[in-house]
Amino acid sequence: MATSIQPQPPAEPGDDDVKAVAHLRKARERLRQEIGRVVVGQDTVLDHLLAALLCRGHALMVGVPGLGKTLMAKTIASSLRMTFNRIQFTPDLMPSDIIGTDVIEEDPESGRRRLEFIEGPLFTHFLLADEINRAPPKTQAALLQAMQEQEVSVGRRSYKLEPPFFVVATQNPIEQEGTYPLPEAQLDRFMFNVPVVYPSPEEEVAIVKNTTANLDLQARPVLDAGEVVRLQHVVRGVPVADAVVRYAVDLAIASRPIAGKAEPRIHKFLTYGASPRASQYLILGAKARAILAGRFHVDFADVRAVAPPVLRHRLVLNFHARAEGIDADDLIRRLIEAVPAK
């Protein structure tokens, strides 16, 4: 006989969790101050990167060259005392160039030879994959395994990556010659798609002043890698009401063109909608946003706030969208208007 599953009430936060949330809220303000010493503006981008890190996700930054994407990544890593590596992806980059390789070493005493694994730049806490779409597919696939499984395979052996492991990849939306566009399955592995836009005139004045003078601007550490792992665990433990979970699922479902349930203002422009992974990331992102705001509960506004970075790269637009100048952000706004919070 089938039995119904009764919804469980949200768990009450423990004293340690409450302290961790309060600590993170203070740390966020200090992080803003320290990162602001080096990076001018881009507050939304920085918040999304920090949220993705706390959710054990990864982020894709899309922007033209010269907007400080590398600087933002390096500054966040240094302010969190995380080891940092940057890989410039090129068409001739091989998987062994990023993972590492086995080399033959000879023991000087016994004369015996053995294989020794030499770690590649992938073995770090914070990895910046610069212009990821310039690497060939098999190199992209090697990075994909590391992102998803937190390990890499070399020959018959697998090597675990030390947590926290966070990948920030960049793409240049202008130049596509000589690139290997990421397949939808790989794009779906990124939690957030974060556009990096031009600074305001005032911000650009501050950038020019800071970078053309004899100033040594450095961000001081606020947290360390161990604390980041602890906070990742706290984020997962944030309770979410069933109604909020249902709202996130309804948003994802509403993006899928389903026969008999089509919404002309939305589905006319879509070939495919968001997968269930989008529902998961909507809730995780909402949890991180709540925690960063000092709250140990999630509401509908948190889900709406993270909907654009979660759904932006998961909606596959068709010819009608391109013909009418409709982009993913336009459709996300229509989705939010069409799906009520119950």
Side-chain angles (χ1 to χ4, degrees), residues 42 44-63 67 69-70 72-73 76-77 82 84-87 89 98 122 124-152 161 163-173 176 179-197 232 235 248 251-252 255 272-289 303 305-317 327-329 331-332:
Q42 305 292 359
T44 301
V45 176
L46 294 170
D47 279 345
H48 285 157
L49 293 181
L50 188 56
L53 171 61
L54 292 177
C55 294
R56 302 176 191 155
H58 306 283
L60 178 66
M61 287 199 295
V62 181
L67 295 181
K69 298 185 290 295
T70 300
M72 278 188 274
I76 292 174
M82 296 170 65
F84 175 85
N85 281 333
R86 173 182 176 271
I87 303 174
F89 280 65
I98 66 172
L122 202 60
T124 186
H125 289 141
F126 196 122
L127 179 71
L128 177 64
D130 218 351
E131 293 190 288
I132 186 175
N133 55 330
R134 292 202 176 277
K138 61 181 178 181
T139 305
Q140 294 176 2
L143 178 62
L144 178 65
Q145 182 200 6
M147 291 167 55
Q148 184 67 22
E149 308 297 338
Q150 306 285 293
E151 67 178 23
V152 297
L161 298 170
F165 178 65
F166 182 48
V167 175
V168 173
T170 70
Q171 280 194 165
N172 177 358
Q176 299 299 323
T179 64
Y180 300 85
L182 291 175
E184 300 301 326
Q186 291 196 25
L187 281 174
D188 199 46
R189 304 290 179 176
F190 287 96
M191 178 177 181
F192 284 164
N193 178 318
V194 185
V196 184
V197 299
Q232 288 176 336
V235 167
L251 272 178
S255 72
Y272 296 102
S275 70
R277 186 178 280 121
S279 304
Q280 296 171 326
Y281 281 150
L282 283 170
I283 291 299
L284 281 173
K287 287 184 176 188
R289 184 176 187 270
V303 176
V306 300
V310 169
L311 298 176
R312 186 175 286 126
H313 54 304
R314 293 184 164 87
L315 303 182
V316 181
L317 277 60
D327 62 14
D329 284 9
L331 296 179
I332 293 168

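Partners of Asp329 under the side chain to side chain contact (heavy atoms under 4.5 Å, CB included) rule, at least two apart in sequence or in another chain, are Arg312, Asp327, Ile332, Arg333. Residues that satisfy the side-chain hydrogen bond (donor to acceptor under 3.5 Å, both in side chains) test with Gln145, not counting sequence neighbours, are Ser153. Partners of Val197 under the side chain to side chain contact (heavy atoms under 4.5 Å, CB included) rule, at least two apart in sequence or in another chain, do not exist in this structure. Take Gln148 and apply the side-chain hydrogen bond (donor to acceptor under 3.5 Å, both in side chains) test, not counting sequence neighbours, and it matches Arg189. Legend: residues meeting side-chain hydrogen bond (donor to acceptor under 3.5 Å, both in side chains) with Ser279, ordered by chain and number and at least two apart, are absent. In this structure His313 satisfies the side chain to side chain contact (heavy atoms under 4.5 Å, CB included) test together with Leu187, Phe190, Asn193, sequence neighbours excluded. Residues passing the side chain to side chain contact (heavy atoms under 4.5 Å, CB included) test with Thr139, sequence neighbours excluded: Phe89, Leu93, Pro95, Ile98, Ala135, Pro136. Shown here are the salt bridge (Lys or Arg N to Asp or Glu O under 4.0 Å) partners of Glu151, two or more places apart in sequence or in another chain: Lys160. With sequence neighbours excluded, the residues satisfying salt bridge (Lys or Arg N to Asp or Glu O under 4.0 Å) with Asp130 are Arg86. Remark: Glu149 engages no residue in a side-chain hydrogen bond (donor to acceptor under 3.5 Å, both in side chains) (not counting sequence neighbours). The ring pair (Phe, Tyr, Trp, His ring centres under 6.0 Å) test applied to Tyr281 returns no partner, not counting sequence neighbours.
Side-chain contact between Asn85 and Leu128: absent, with no pair of heavy atoms (C-beta onward) separated by less than 4.5 Å. The side-chain heavy atoms of Gln140 and Gln186, taken from C-beta on, include a pair separated by under 4.5 Å. At a threshold of 4.5 Å between non-hydrogen side-chain atoms, the residues Phe126 and Ile76 count as touching.
Checking side-chain atoms of Arg314 against main-chain N and O of Asp188 turns up a donor-acceptor pair under 3.5 Å. Using a distance-only test at 3.5 Å, with no hydrogens or angles considered, a donor-acceptor pair links the side chain of Lys69 to the main chain of Gly63.
Within the model, atoms CG of Leu331 and CG of Leu311 stand 10.5 Å from one another, a figure rounded to the nearest 0.5 Å. The distance from the CD atom of Gln232 to the CG atom of Leu284 is 11.0 Å, given to the nearest 0.5 Å. Interatomic distance, CG of Leu67 versus OG1 of Thr170, reported as 11.0 Å (0.5 Å rounding). Taken to the nearest 0.5 Å, the CD1 atom of Ile87 stands 6.0 Å off from the CG atom of Leu122. A distance of 10.5 Å separates NE2 in His125 from CZ in Phe165, rounded to the nearest 0.5 Å.
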Applying side-chain contact (heavy atoms from CB on, under 4.5 Å) to Met72 and Gln42, what does each step give before you reach the verdict? CA-CA 9 Å; Met72 278 188 274; Gln42 305 292 359; 3.8 Å; yes
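Across all their heavy atoms, Ala328 and Leu317 have their closest contact at N-CD2, 3.8 Å. Considering all non-hydrogen atoms of both residues, Ala146 and Val152 come closest at CB-CG1, 3.9 Å. In terms of heavy atoms, Phe166 sits closest to Leu49 at CZ-O, 3.5 Å. Closest non-hydrogen pair, Val306 versus Arg289, comes out as CG1-CD, 4.4 Å. In plain terms, the two heavy atoms of Pro195 and Val45 that are nearest each other are O-CG2, 3.7 Å. The two atoms that bring Ala307 and Leu282 nearest to each other are CA-CD2, 3.6 Å, heavy atoms only.
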Which side-chain N or O atoms in residues 51-61 pair as donor and acceptor under 3.5 Å with protein atoms at least two apart or in another chain?
| from | atom 1 | to | atom 2 | distance (Å) |
| --- | --- | --- | --- | --- |
| His58 | ND1 | Val167 | N | 2.9 |
| His58 | NE2 | Met147 | O | 3.1 |

